[in-house]
Amino acid sequence: MTDFIPENILKVRDDREPVCFERINDQGTGKSVEFELYGGAFRPNWLQNDADFNMRTLHERIEPWLTALFQSEHLSLLAGSGLSTAVSLIATSKTGAGMGTVEFPKYDTEINAAASSSAKAAGRDDVNIEDQIRVANELIRGLEILGKKEDASTLQNELERDLMHFANSVLAGETAIAEADQNKREGAFNALVTFLMSFASRTGTRDRVNIFTTNYDRVIEIGAELAGMHLLDRFVGSISPIFRSSRLNLDMHYNPPGMRGEPRYLEGVARYTKLHGSVDWVQTADGIRRIGVPFGAKSVEPFFDVAGFSESTAYKLMVYPNAAKDMETAGYPYVDLFRDFAAAICRPNSTLVTYGYSFGDDHINRVIKDMLTIPSTHLVIISYDDKMGRIMRTFNEWGRSAQTSLMIGPALADFSTLSAYYLPKPAIDKTTFRMSELLRQRMGTNDSSNQSEKSEKKAGTEGK
């Protein structure tokens, strides 16, 4: 690949190379053309006639493939900041909270220099607040070791201030969505519910979908609540849930009326892991707890002023890479969360779908790369853009083309378009498949051009 990045990139099914195309602005020809291939770009065998390159063509190519993949034995979703950005754009026409940098009155030059080196090592040109937090925490521990208690205390106070500012900026993004125009807000939440239910609509014969996110906000949680989904995570309790390392493989079942001893999986349940922590996780004297910060709250600070949280401050927020200092490992609780991620995706017959993740985290990329060493696994990358070229660079470097599908660009990964046209139906719809089978038995089929798609769709939905 060159440094030039096409507007839209598609690679699904048996495409030998990514298909690069762009939207046609002039629609006055009277034809159903919406897209055209880039000059000199790879021409797939499924696009012989440019006169009908439109959304329907893409739908017929993509939707059966994703439907089959979504019925893999194991399915996982990794949502990056692009998911929160997409929901915010629909609701408010703004991108929401960013990952900008902060300033430290003391040691600012040294922290930024080390953070810059860390960012470049991860393949990123710009430093973000995560890089700064990581370096500042390391510097605080170094100052304590050197006996410079006063400098360490000063830097800790500065970091606490910056963490509070960052947490409140994340909450401001949630507040903007909660206070948006009702019609726009409902449109954003409907698209989010459709998106989540497309993954969660799995039959009882399939493993639960695993939802992972690097986001600190609660956009996925509010979407699951509106959808009526049950999220299973490592937290136990109702009033002030506490994080448990010794998580059992708990699940939710129900007994059908008139049946005993044969519990069935409850539908609409997902396992949920926030790999980088959350704006409402905090270290307390007895462990990591989730505090009751409502969606749309103005600030996290008032929620520290309750019994049992008097010693908690913004410095003890579990925002990666902030760590609980009194624990045995500096990586707690993230080591448990990343262990869950690796265990979920690195197994045979597993499909991982990434949305809005730009492959800028080495610790996550290493696990995904290890997953692809298992021949029966598959990676689906969905992203609105690839401005830095990091996704395509990773795709080429890993060399796992046969195990990777690409959907990059606004024509493919726009949140509303993706949910409406390309993702599988957000329901366990047995009636449609029974009807299709009945029609096939009664009438047969003469449409040979769709045989491969129908075979794939049937194979992907046998579990239904």
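Just so it is clear, the values below take in all heavy atoms, side chains as well, and ignore hydrogens, waters and symmetry mates.
A distance-only check finds a donor-acceptor pair linking the side chain of Thr373 to the backbone of Asp370 [under 3.5 Å].
Looking at Lys369, Arg400, Met371 one by one, the single match for side-chain contact (heavy atoms from CB on, under 4.5 Å) with Leu379 turns out to be Met371. The one candidate from Arg202, Arg271, Arg347 that meets the salt bridge (charged side-chain N to carboxylate O under 4.0 Å, His left out) condition with Asp207 is Arg347. Under the side-chain contact (heavy atoms from CB on, under 4.5 Å) test applied with Leu412, the options Ile62, Ile382, Leu418 reduce to a single match, Ile62.
Under the 30°/60° scheme for interplanar angles, the aromatic rings of Phe35 and Phe21 are found to stand perpendicular. Ring pair Phe341/Phe212 is perpendicular by interplanar angle, where above 60° counts as perpendicular and below 30° as parallel. Ring geometry for Phe415 versus Phe195: interplanar angle of 30 to 60°, hence tilted. Using cut-offs of 30° and 60° for the angle between ring planes, the Trp65 and His378 rings count as perpendicular.
Between the side chains of Gln403 and Thr377, at least one donor N or O lies within less than 3.5 Å of an accepting N or O. Between the side chains of Asp414 and Tyr422, no donor-acceptor pair of N or O atoms lies under 3.5 Å.
Using a 4.0 Å cut-off between charged nitrogen and carboxylate oxygen, Asp233 and Arg244 do not count as a salt-bridge pair. Under a 4.0 Å N-O distance rule, the pair Arg218/Glu174 qualifies as a salt bridge. Remark: Glu130 does not engage Arg134 in a salt bridge, criterion side-chain N to carboxylate O under 4.0 Å. Taking the charged nitrogens against the carboxylate oxygens, Glu34 and Arg23 do have a contact shorter than 4.0 Å, which makes a salt bridge.
For Tyr216, the ring-ring contact (aromatic ring centres under 6.0 Å, His included) criterion is met by Phe166, not counting sequence neighbours.
Both the sub-6.0 Å distance and the 45° axial angle are not jointly satisfied by Arg390 relative to the ring of Phe359.
To the nearest 0.5 Å, atoms CD (Glu267) and CZ (Arg208) are separated by 8.5 Å.
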